[in-house]
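Remarks on the structure that follows.
Every number for a ligand or one of its atoms is a count from 1 in the order of the listing. Below, each value reflects all heavy atoms present in this structure, side chains not excepted, and no hydrogens, waters or symmetry copies.
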Amino acid sequence: MFTYMPEEKILFSSDAFGQHYAGDKFFDDEIGDEIMFHARKYYANILLHFSPRVQALLADVAKMNLDIRMICPDHGIIWRKDPSKIITAYDQWSRQEPAKKAVVIFDSMWGSTTKMARAVTSGIESENIGVRLMNTRKWHRSDIMTAVMDAGAVAVGSPTLNNGIFPVIADVMTYIKGLRPQNKLAAAFGSYGWSGEAVKILNKEFEEMKWEIVDDGVKMLYVPDASDLERCFDLGASLAKKLKEKLAE
Ligand SMILES: Cc1cc2nc3c(=O)[nH]c(=O)nc-3n(C[C@H](O)[C@H](O)[C@H](O)COP(=O)(O)O)c2cc1C
């Protein structure tokens, strides 16, 4: 729910346009562009799943033709220098259009899936697509989620553990799924010892999120050798090529 105060031209926007920022700065012009990182992270982790409603709301606000001098959200800094900047950013984020970026999310017990993740990343880079390699034990799920929102392609790697995916990967996938990121190309990979269910389970997760699976995925028995890693490189390259094709459409 928004409240508009015509006398002062202030929009009190509740949760919208906020950030999880608590510092000694109160206004956008005091902190500068650095605040956009916090605003993006907030959107990715709090509002992304409401994106269709955000689009509808922005259209309604535009129709009202309000003269907005300042936006005061419940959380974070006040937008007084250029309130239209954050409105434009919300319009962009809520469209969920694919971006020319990729993220590789992975974890590993003994390092085999790490080797695969690095090779997938190199494959993506070989096609000149910017990529972030994120280990779920080094990055908080909210940072991973922000990277996913920004990316057009997502690769996820997990070893098989007790016929399932690695619990830390399950944690992150559950979190990502709840925020309903759309328009992603996806691919899975992982090392296994005997049954190797992880890739299949990850593909199912992608399907549930309606992400486009570009390849059946790559599973490797125990430690990958050079030719196995080449296959992982190719997986990354084909994910990146597919993203470029999609962006050219
Ligand atoms: C506790 C435990 C349970 C495992 N369960 C399975 C399993 O159910 N199926 C399977 O294929 N491999 C299983 N593995 C084997 C691992 O998937 C295999 O060692 C893999 O190479 C680990 O990859 P990483 O080096 O990326 O951790 C298990 C390993 C451990 C330690």
List, for ligand 1, each N/O atom that has a protein N/O partner under 3.5 Å away, with both atom names and the distance.
| residue | atom | partner | partner atom | Å |
| --- | --- | --- | --- | --- |
| ligand 1 | 5 (N) | N162 | N | 2.9 |
| ligand 1 | 8 (O) | N162 | N | 3.3 |
| ligand 1 | 8 (O) | N163 | N | 2.7 |
| ligand 1 | 9 (N) | W194 | NE1 | 3.4 |
| ligand 1 | 9 (N) | S195 | OG | 2.8 |
| ligand 1 | 11 (O) | G193 | N | 3.1 |
| ligand 1 | 11 (O) | W194 | N | 2.8 |
| ligand 1 | 11 (O) | S195 | N | 2.8 |
| ligand 1 | 11 (O) | S195 | OG | 3.4 |
| ligand 1 | 11 (O) | G196 | N | 2.8 |
| ligand 1 | 12 (N) | G193 | N | 3.1 |
| ligand 1 | 14 (N) | T160 | O | 3.3 |
| ligand 1 | 17 (O) | T160 | O | 2.7 |
| ligand 1 | 21 (O) | S191 | OG | 2.6 |
| ligand 1 | 25 (O) | W110 | N | 3.2 |
| ligand 1 | 25 (O) | G111 | N | 3.1 |
| ligand 1 | 25 (O) | S112 | N | 2.9 |
| ligand 1 | 26 (O) | S108 | OG | 2.7 |
| ligand 1 | 26 (O) | T113 | N | 2.8 |
| ligand 1 | 26 (O) | T113 | OG1 | 2.6 |
| ligand 1 | 27 (O) | M109 | N | 2.5 |
| ligand 1 | 27 (O) | W110 | N | 2.8 |

*Does the side chain of Y43 come under 3.5 Å of the side chain of S51 through a donor N or O and an acceptor N or O?*
yes

*With a cutoff of under 4.5 Å between side-chain heavy atoms, which Ile, Leu, Val, Met, Phe, Trp and Tyr residues group with I78?*
M5, I10, F12, F26, F27, M70

*What pairs with I87 under side chain to side chain contact (heavy atoms under 4.5 Å, CB included), at least two apart in sequence or on another chain?*
F17, L58, I68, I71

Identify each donor-acceptor pair in which a side-chain atom of residues 182-192 lies under 3.5 Å from a protein atom, sequence neighbours left out, and give them as a table.
| residue | atom | partner | partner atom | Å |
| --- | --- | --- | --- | --- |
| Q182 | NE2 | R180 | O | 3.3 |
| N183 | ND2 | Q96 | O | 2.7 |
| K184 | NZ | V148 | O | 2.8 |
| K184 | NZ | M149 | O | 3.3 |
| K184 | NZ | A151 | O | 2.7 |
| S191 | OG | M220 | O | 3.4 |
| S191 | OG | Y222 | O | 2.8 |

*Taking everything shown except K244 itself, do over 12 heavy atoms lie less than 6.0 Å from its NZ?*
yes

*Mind running side chain to side chain donor-acceptor pair (under 3.5 Å) on T160 and E197 for me, showing each step along the way?*
CA-CA 6 Å; T160 297; E197 288 90 343; 4.7 Å; no

